[in-house]
Amino acid sequence: QVRLVESGGGLVQAGGSLRLSCAVSGLTFSAYAMGWFRQAPGKEREFVGTISWDAIKTFMSDSVEGRFTISRDNAKKTVYLQMNSLKSEDTAVYYCAAVFQRGVPSSEKEYDYWGQGTQVTVSS
C-alpha cells in the first residue's frame with residue numbers, strides 16, 4: 001500500500017519559516033519524482049515545486065521561487081519543502097505527490113499518488 005504522509009504544517013507569522021516533510025512508503029521512492037502542491041480556501045490546487053528522482057533537477061513556481069526550496073533524502077524516503085519569508089498568501093493546505101518518471105512535472109494530472117495534506121497558516 002502506497003502512503004504519503006505530510007507533516008510540519010502549522011501557524012506562523014508572516015516573514016517566518018516552516019519546513020514540511022513528506023514520508024513515503026509502499027513504492028520505490030528513488031524512482032519517483034516528487035512534487036508539492038497547495039490549495040487555498042476557495043481556490044484550485046496549484047503547483048508549488050518538484051524534484052527529480054535523483055535530486056539533480058528542481059522546478060519551482062514563480063510565486064515561491066527564491067523563498068521555497070524542495071529537497072529529498074532517498075535513504076529516508078522523504079521529500080522536504082523549506083518555506084522561508086512566508087506571506088499570508090501562502091496560507092493553504094500543502095500536498096505532496098509522487099510520479100514515476102525522470103522529469104520534473106508541474107501538472108497535477110501527471111502525479112500518481114497523493115498525501116492527505118498539511119495545513120499551513122500564515123498570519124499577517
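Keep in mind that this is a model prediction, so the values were computed, not measured. Residue numbers start at 1 and run along the sequence shown.
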**OP:** Return the set of residues passing side chain to side chain donor-acceptor pair (under 3.5 Å) with Arg67 (not counting sequence neighbours), or none when no residue passes.
**Re:** Asp90
Original post:
What residues, two or more places apart in sequence or in another chain, satisfy side chain to side chain donor-acceptor pair (under 3.5 Å) together with Asp73?
Top reply: none
**OP:** Start with the C-alpha distance between Trp36 and Ile70, add both sets of side-chain angles, then the distance that settles side chain to side chain contact (heavy atoms under 4.5 Å, CB included), and finish with yes or no.
**Re:** CA-CA 8 Å; Trp36 285 96; Ile70 190 170; 3.4 Å; yes
Original post:
Quick one: salt bridge (charged side-chain N to carboxylate O under 4.0 Å, His left out) partners of Glu108, sequence neighbours excluded?
Top reply: Arg45
Subject >> Pairwise distance CD(Glu110) to OG1(Thr50) - rounded to 0.5 angstrom >> reply: 9.0 Å
If you look only at distance, which donor and acceptor atoms sit under 3.5 Å apart when one is on a side chain in residues 10-27 and the other is two or more places apart or in another chain?
from	atom 1	to	atom 2	distance (Å)
Ser17	OG	Asn84	OD1	2.9

Subject >> salt bridge (charged side-chain N to carboxylate O under 4.0 Å, His left out) involving Glu89 - partner list, sequence neighbours excluded >> reply: none
Original post:
Any idea which heavy atoms bring Arg38 and Ala92 closest together, and the distance?
Top reply: CB-CB, 3.8 Å
Subject >> Of all pairs that satisfy salt bridge (Lys or Arg N to Asp or Glu O under 4.0 Å), the ones with a partner from residues 20-32, not counting sequence neighbours >> reply: none
Original post:
For Gln119 and Thr91, what are the C-alpha separation, side-chain angles and deciding distance, and is it a side chain to side chain contact (heavy atoms under 4.5 Å, CB included)?
Top reply: CA-CA 8 Å; Gln119 176 71 48; Thr91 294; 4.0 Å; yes
**OP:** Look up atom CZ in Phe68 and atom OG1 in Thr58, then write down how far apart they are to the nearest 0.5 Å.
**Re:** 14.5 Å
Original post:
Mind checking who shares a hydrophobic cluster with Phe59, ILVMFWY linked at side-chain heavy-atom distances under 4.5 Å?
Top reply: Phe37, Phe47, Val93, Tyr95, Val99, Val104, Tyr111, Trp114
Original post:
Listed by chain and number, what are the side chain to side chain donor-acceptor pair (under 3.5 Å) partners of Arg3, not counting sequence neighbours?
Top reply: none
Subject >> Heavy-atom pair with the smallest gap, counting every atom of Arg72 and Ser30 >> reply: NH2-CA, 4.1 Å
**OP:** Test side chain to side chain contact (heavy atoms under 4.5 Å, CB included) on Leu81 and Val48 and set out the steps.
**Re:** CA-CA 9 Å; Leu81 184 68; Val48 175; 4.1 Å; yes
Subject >> All pairs passing disulfide (SG to SG under 2.5 Å) where residues 27-69 contributes a residue, at least two apart >> reply: none
Original post:
If you group Ile, Leu, Val, Met, Phe, Trp and Tyr whenever their side-chain heavy atoms sit less than 4.5 Å apart, what else falls in with Val5?
Top reply: none
Original post:
disulfide (SG to SG under 2.5 Å): which pairs involve residues 52-89, sequence neighbours left out?
Top reply: none
Subject >> Set of residues satisfying side chain to side chain donor-acceptor pair (under 3.5 Å) with respect to Gln39, sequence neighbours excluded >> reply: none
Original post:
Just how far is it from atom OG of Ser123 to atom CG of Leu86, taken to the nearest 0.5 Å?
Top reply: 10.0 Å
Original post:
To the nearest 0.5 Å, how far apart are CH2 in Trp53 and OH in Tyr32?
Top reply: 14.0 Å
